[in-house]
Amino acid sequence: MERRRLEAQRQLEIIKRGTVEIIREEELLEKIERSLQDERPLRVKQGFDPSAPDIHLGHTIGLRKLRQFQDLGHQVVLIVGDYTGMVGDPSGRSQTRPQLSHKEVVENAQTYLDQFFKVVDRERTEVHYNGEWFSKMSFEEVMKLAAKYTVARILERDDFSTRYAQGNPISIHELFYPLMQGYDSVAIRADVEIGATEQKFNLLVGRDLQRDYGQESQVAITLPVLVGLDGKMRMSKSLGNYVGIAEEPAEMFGKLMSIPDELIHPYFQLLLPLSPEELSEIEGQLKDPQQNPMKLKKRLAFELVSLYHSQDEAQEAQEAFERVFQKRKLPEEIPVFQLKWDEPTIWIVRLLTLTGLLSSGGEARRMIKSGGIYLNGRRIDDIDLEVPLEGELLLKVGKRRFLKVVKG
RNA sequence: GGGGAGGUUCCCGAGCGGUCAAAGGGAGCAGACUGUAAAUCUGCCGGCGCAGCCUUCGGAGGUUCGAAUCCUCCCCUCCCCA
């Protein structure tokens, strides 16, 4: 008995780490205790919005938390929001999302799962589509669900109220999103749901609905939102300030090296499994003016690439980075483009667009004018340049795009 | 249903008959400086072998020598009233 209590306490401590809020902590402790007593794992829910199938580092905060639950013996229940996807989560959105076809949802779900299981244990995961229950709902049941919440409460939400205040359109079906997500918790009898802080409202709706449907309410756990590479906005694919966990090692490494210094510590803290001691050591080094933060950034990049790829690949990525950007040498591997061209020479602007390096002649002209184009190591300043097509040509666009061109 | 305000280039937003490929800001790209950091400064930011031409200002027509700007119809959004 006493032993169980201690074990529950221990689990709670682990789960608590890195969270912003647990609503409510006492309930969680009680649930864990009961779970130990009945030998029934907690059902920890996570939803997935199929309009955004790629997992980036921002998502891994939640995924790592799920993994922790699994390591403590609990069950993850992933919900593919094929029906909610038809609505589109209004959280953090200023606009209505486009609706997806069923085919797109299924394809995206597959992509998502492949990445999801890089962090989360497949064995302890149950996957459901919320169409399983929503497609069977009668209109009467939909009305019953809709009757459980009031417009004022839904509009309390920051994103709705902001949109409303700014005079932006909100469609009626969007108001259903929180209800649908909440109902998912009813359908799968969730004990816990986790989400980023912006998900708090949706998580709380789940609690209310479960109670209304005669179930015990889930515990809502919120986690910090990761700031993106720009250092300002939340990490998101649509803002282009993200690092996908499926990205190539070199790409991942490079992107991480470009983060502003202020993000070094939060990234270590939120993305890597480090002990509090290690973290405070890193903090100390960051404050020390003798230390170049770049070193820590390299370590961060190295460890993250190791985590999602391998140590060897991280090592390679680091060497490639140092070579290309710090020593300004050529990368070891440069993609080769087979150019089909019959004339003995080719106009530089045409060359740049035909190889796909730049999308239009106008862009190529501009790039040349601003000094961003190198041919065989020499900067080009002549827009009318005719390039003789002999052997191998080496093109460089900006700092990081290289291409070898051969006649083919 | 009645009344009012709007829809402009990736986003915000000015323009309200020619001088408009369309101010300004943001994002983005390139250059300088660097630690591929931030900050800063500079340039670019529809297409075209580009001192010229072509396609853009919700959609379709029309008026005019000339329309993002005026007129008609349609679509969409917001606000007030019912």
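Side chains included, hydrogens not; waters and symmetry mates left out as well; all remaining heavy atoms used. Throughout, a chain's letter reflects where its sequence line sits, starting with A, and its residues are numbered from 1. On a predicted model such as this, the values are computed, not experimentally measured, just so you know.
If you take CD of A/Glu262 and C1' of B/A39, they are 10 Å apart, rounded to a whole angstrom. Taking atom CG on A/Leu352 and atom C1' on B/G49, their separation rounds to 14 Å, with Å as the unit. B/G49 atom P lies 12 Å from atom CD1 of A/Ile383, rounded to whole Å. Atom CZ of A/Arg323 is separated from atom C1' of B/G35 by 20 Å (rounded to the nearest Å). The CD1-P distance, from A/Ile259 to B/A38, rounds to 11 Å in whole Å. Protein atom OH of A/Tyr374 is 12 Å distant from nucleotide atom P of B/A30, rounded to whole Å. Summarising the geometry, the separation between CZ on A/Arg365 and P on B/A51 is reported as 8 Å, rounded to the nearest angstrom. Rounded to an integer number of Å, the gap from CG of A/Asn168 to P of B/G7 is 14 Å.
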Report, one line per pair, each donor and acceptor closer than 3.5 Å where one atom sits in a side chain of residues 295-302 of chain A; sequence neighbours left out.
| unit_1 | atom_1 | unit_2 | atom_2 | d |
| --- | --- | --- | --- | --- |
| A/Lys297 | NZ | A/Met257 | O | 3.0 |
| A/Lys297 | NZ | A/Ile259 | O | 2.6 |
| A/Lys298 | NZ | A/Glu322 | OE2 | 2.9 |
| A/Lys298 | NZ | A/Gln326 | OE1 | 2.9 |
| A/Arg299 | NE | A/Glu303 | OE2 | 3.0 |

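In this model, the phosphate group of B/A32 is approached by a side-chain N or O of A/Arg379 to a distance below 4.0 Å at OP1 or OP2. Taking 4.0 angstrom as the limit, A/Ser360 places a side-chain polar atom (N or O) nearer than this to OP1 or OP2 of B/C48. In this model, the phosphate group of B/G31 is approached by a side-chain N or O of A/Lys399 to a distance below 4.0 Å at OP1 or OP2. Note on A/Arg350: every side-chain N or O is 4.0 Å or more away from OP1 and OP2 of B/C48.
Heavy atoms of A/Gln326 sit under 4.0 angstrom from primed sugar atoms or phosphate atoms, though from no base atom. At a threshold of 4.0 angstrom between heavy atoms, the contacts of A/Arg401 with the nucleic acid are absent. When heavy atoms are screened at a 4.0 angstrom cut-off, A/Lys369 is found touching no nucleic acid atom at all. Within the 4.0 angstrom heavy-atom criterion, only backbone atoms of the sugar-phosphate kind lie near A/Tyr164; the bases stay farther away. A/Gly371 comes within 4.0 angstrom of sugar-phosphate atoms only, judged by non-hydrogen atoms across all strands, and of no base.
Remark: aromatic rings of A/Phe321 and A/Phe325 are close, center separation under 6.0 Å. Taking the six-membered ring wherever Trp is involved, the centroid distance between the rings of A/Tyr183 and A/Phe134 falls below 6.0 Å.
A cation-pi arrangement is present between A/Lys148 and A/Tyr213, with the terminal nitrogen or guanidinium carbon under 6.0 Å from the aromatic centre and inside a 45° cone about the axis.
Each of B/U36, B/C78, B/G49 was ranked by its minimum atom distance to the side chain of A/Pro169; first place goes to B/C78. In the set B/U36, B/G35, B/A27, the nucleotide with an atom closest to the side chain of A/Lys232 is B/A27. Of the candidate nucleotides B/G49, B/U36, B/A38, B/G49 has the atom lying nearest to any side-chain atom of A/Trp347. Nearest to the side chain of A/Met367, among B/C50, B/A30, B/A37, sits B/A30.
Across B/U42 and B/U69, the matching P atoms stand 36 Å from one another, rounded to whole Å. Across B/A30 and B/C45, the matching C1' atoms stand 10 Å from one another, rounded to whole Å. The P atoms of B/C78 and B/A67 are separated by 33 Å, rounded to the nearest whole Å. With P as the reference atom, B/G6 and B/G13 are 13 Å apart, rounded to whole Å. Comparing the same atom, C1', in B/C12 and in B/C74 gives a spacing of 28 Å after rounding to whole Å. Between the P atoms of B/G3 and B/C11, the separation comes to 33 Å (whole Å). B/C16 sits 16 Å from B/G66 when the C1' atoms are compared, rounded to a whole Å. Taking atom P on both B/A5 and B/G15, the two are 16 Å apart, rounded to the nearest angstrom.
Remark: side-chain polar atoms of A/Arg43 are not paired, donor with acceptor, to backbone N or O of A/Val77 under 3.5 angstrom.
The base-pairing partner of B/C10, taking Watson-Crick or G-U wobble contacts with both distances under 3.5 Å, is B/G26. Partner assigned to B/A60 is B/U72, using Watson-Crick or G-U wobble distances below 3.5 angstrom. Of all nucleotides present, only B/G18 satisfies the Watson-Crick or G-U wobble test against B/C65, with each distance under 3.5 Å. Judged by Watson-Crick or G-U wobble contacts below 3.5 Å, the nucleotide B/C33 has no partner.
Residues A/Ser370 and A/Ala250 each lie close to RNA chain B; by heavy-atom proximity, the contact nearer the 5' end of the strand is made by A/Ser370. Each of A/Pro293 and A/Thr353 lies near RNA chain B, and the nucleotide nearest A/Pro293 is the one positioned closer to the 5' end.
Residue-to-nucleotide contacts include a donor-acceptor pair under 3.5 Å from the side chain of A/Glu386 to the base of B/G49. A donor N or O paired with an acceptor N or O is not found under 3.5 Å between the base of B/C45 and the side-chain atoms of A/Arg366.
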Tell me, with the steps shown, if A/Leu279 and A/Phe268 meet side chain to side chain contact (heavy atoms under 4.5 Å, CB included). CA-CA 7 Å; A/Leu279 274 173; A/Phe268 268 111; 4.0 Å; yes

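Looking only at side-chain heavy atoms (C-beta outward), A/Ile79 and A/Tyr129 stay at 4.5 Å or farther from each other.
Here the closest non-hydrogen pair linking A/Val20 and A/Pro224 is CG2-N, 3.4 Å.
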